[in-house]
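The figures that follow rest on heavy atoms only: side chains count, while hydrogens, waters and symmetry mates do not. Within every chain, numbering begins at 1; the chains are lettered A, B, ... in the order of the sequence lines, protein sequences first and strands thereafter.
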Amino acid sequence: MSENLWALREQKRMSVAALANRTGLPVSLIMEYESGQRSIDPRHLSRLARALYVEEADIKLQSDPRPSPTPSEQPPGPEGQPTPKTRGKAARAKAAPKPPAPPRPSQLAHLEILLQKLGRSTAELEAELGKPLAELDRSAVSHLLGQLQAELAKRSAATARRRPYLPESVDEFEARYLTAAQEAGDLLHFTLFDGSRLAGRVIGFGPYTITLRAEDGSEVTINKLAIVTYRKAAPATKENSS
Amino acid sequence: MSLGDYLRILRAKRGGITPWEIEAATNLPRGLYRLMEQRYRAVGDDESIHALADFYGVPFEELRWRLDWPRKALSQALAAALAQGDPITLYLSTGQVVKGKVCWWDLGAVGVDTGDEGLVVVQRHAVERWEPRADLAADTP
């Protein structure tokens, strides 16, 4: 007696994809054969029979549609329990407010350290709070820790050693001087490491170089490493006397 | 000029040999030469300076005294002079001496009001020694 294709496949515990793979037929075609939408092509019958280890005569050419399972046939959860989805919802619906958790040991240890740093005792703090620390819940201790940390930070800031501001990582002061000289068109006199002297007006500068326009109109860029000192031109009376 | 600046000049004169090559040639600990050149504070000891003096073919003393005049010490002296309004004397590597009140200073230069000549901008790398030295034991920046 011939059987539906889908029944034979399920008997052999084979997936549609596996059957398609073994027969070389498209999955969609096998699904159409199984649903009875199409009768099996005689050319494909032998391939299906070989793949399922059955005789050709065992396969119904036109399969009956597979009966759809009724809700009562759906497998229940283990031991009749609700599925995880419904269990989560039920749990949420029934969830009672949690009792306040006791403080963590690490919180209490941190509290002790902070009190030590602040020079305060546990008894003092308990007197301030009006109840022993053991009666505080986790969130209250957390809040208290925050307060004590803020107090400690305030104290540390007040007693912190103040370091002088050292502008050794900026070059803004020299840049300001050169900018002012450039804007005013001041004549600057440079002394270089090789003993030579240069005079000119700043027309540009960077971190490592200064570009000048000399009195004769020529432009020269000096590397700052080559410079020893520079200054603005001395007042006219002094310049004449020198 | 600080030891770091001077070592940089010597290295440049050698055609820009790398710090790692120098460390390999002198058996200095790895990374020390770079620190000696770049750190603002004094880095190095007599032994390492001896090795470098031999390597560059310069007298030991030529390098050694510079160790006591690091860039950080100049920063401290300039900061103190600026804060107190005291004059400072800068001895430059060209033999010039610039004396006056510090108007400003930064990474690369110092503005010194010399009075007669007005404000003179001195490049820090040209400063070899200075007077007074800041009290190093004081609030060290």
Side-chain angles (χ1 to χ4, degrees), chain A residues 159-182 184 186-202 205-210 212 222-242, chain B residues 1-2 5-6 8-9 12 38-41 70-84 90-100 102-128 134-135 138-141:
Chain A
T159 57
R161 183 167 158 248
R162 292 188 187 282
R163 291 185 163 190
Y165 166 63
L166 290 181
E168 64 187 4
S169 57
V170 298
D171 59 0
E172 65 187 56
F173 293 95
E174 188 182 17
R176 265 187 232 163
Y177 180 84
L178 288 169
T179 305
Q182 184 178 0
D186 291 334
L187 185 68
L188 296 184
H189 291 266
F190 289 80
T191 306
L192 308 185
F193 268 100
D194 63 0
S196 62
R197 287 166 189 271
L198 269 176
R201 290 184 167 79
V202 178
F205 64 89
Y208 309 112
T209 57
I210 300 173
L212 303 174
I222 319 168
N223 194 320
K224 282 188 186 173
L225 284 175
I227 301 170
V228 181
T229 60
Y230 58 88
R231 61 179 173 78
K232 286 179 189 169
T237 48
K238 288 187 180 171
E239 204 166 41
N240 292 339
S241 64
S242 62
Chain B
M1 190 182 296
S2 69
D5 287 332
Y6 194 63
R8 209 174 293 185
I9 287 175
Q38 293 184 0
R39 284 299 296 253
Y40 271 38
R41 295 176 193 281
R71 278 167 272 182
K72 198 75 182 180
L74 177 57
S75 293
Q76 288 163 337
L78 293 170
L82 183 61
Q84 291 154 19
L90 304 175
Y91 301 94
L92 310 186
S93 52
T94 52
Q96 287 174 271
V97 179
V98 176
K99 185 175 180 179
V102 176
C103 294
W104 51 259
W105 67 277
D106 63 17
L107 172 71
V110 187
V112 182
D113 184 3
T114 57
D116 290 346
E117 288 193 334
L119 190 114
V120 174
V121 180
V122 180
Q123 294 297 304
R124 283 183 62 152
H125 56 255
V127 179
E128 295 232 308
D135 180 9
D139 198 7
T140 310

Legend entry - Aromatic ring pairing B/W104/A/Y177, orientation class (parallel under 30°, perpendicular over 60°, tilted between):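 Plane angle between 30° and 60°, so tilted.
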Inset, instruction - Check each atom of A/L225 against the heavy atoms of chain B and say whether the ones under 4.5 Å are side chain, backbone, both or neither. - result: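 Both parts, heavy atoms under 4.5 Å.
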Legend entry - Between B/R124 and B/S75, a side-chain donor and acceptor under 3.5 Å: yes
Inset, instruction - Using non-hydrogen atoms and a 4.5 Å limit, figure out which bit of B/T114 sits close to chain A: side chain, backbone, both or neither. - result: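 Neither part, no heavy atoms under 4.5 Å.
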Inset, instruction - Starting at CD of A/E174, measure out to CD of B/Q123 and round the result to the nearest 0.5 Å. - result: 4.5 Å
Inset, instruction - Identify which one of A/L178, A/V202, A/L212, A/T191 satisfies the side chain to side chain contact (heavy atoms under 4.5 Å, CB included) criterion when paired with A/Y230. - result: A/L178
Legend entry - Winner by heavy-atom pair count (cut-off under 4.5 Å) against chain A, out of B/V121, B/L92, B/V98: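 When all of B/V121, B/L92, B/V98 are compared, B/V121 has the most.
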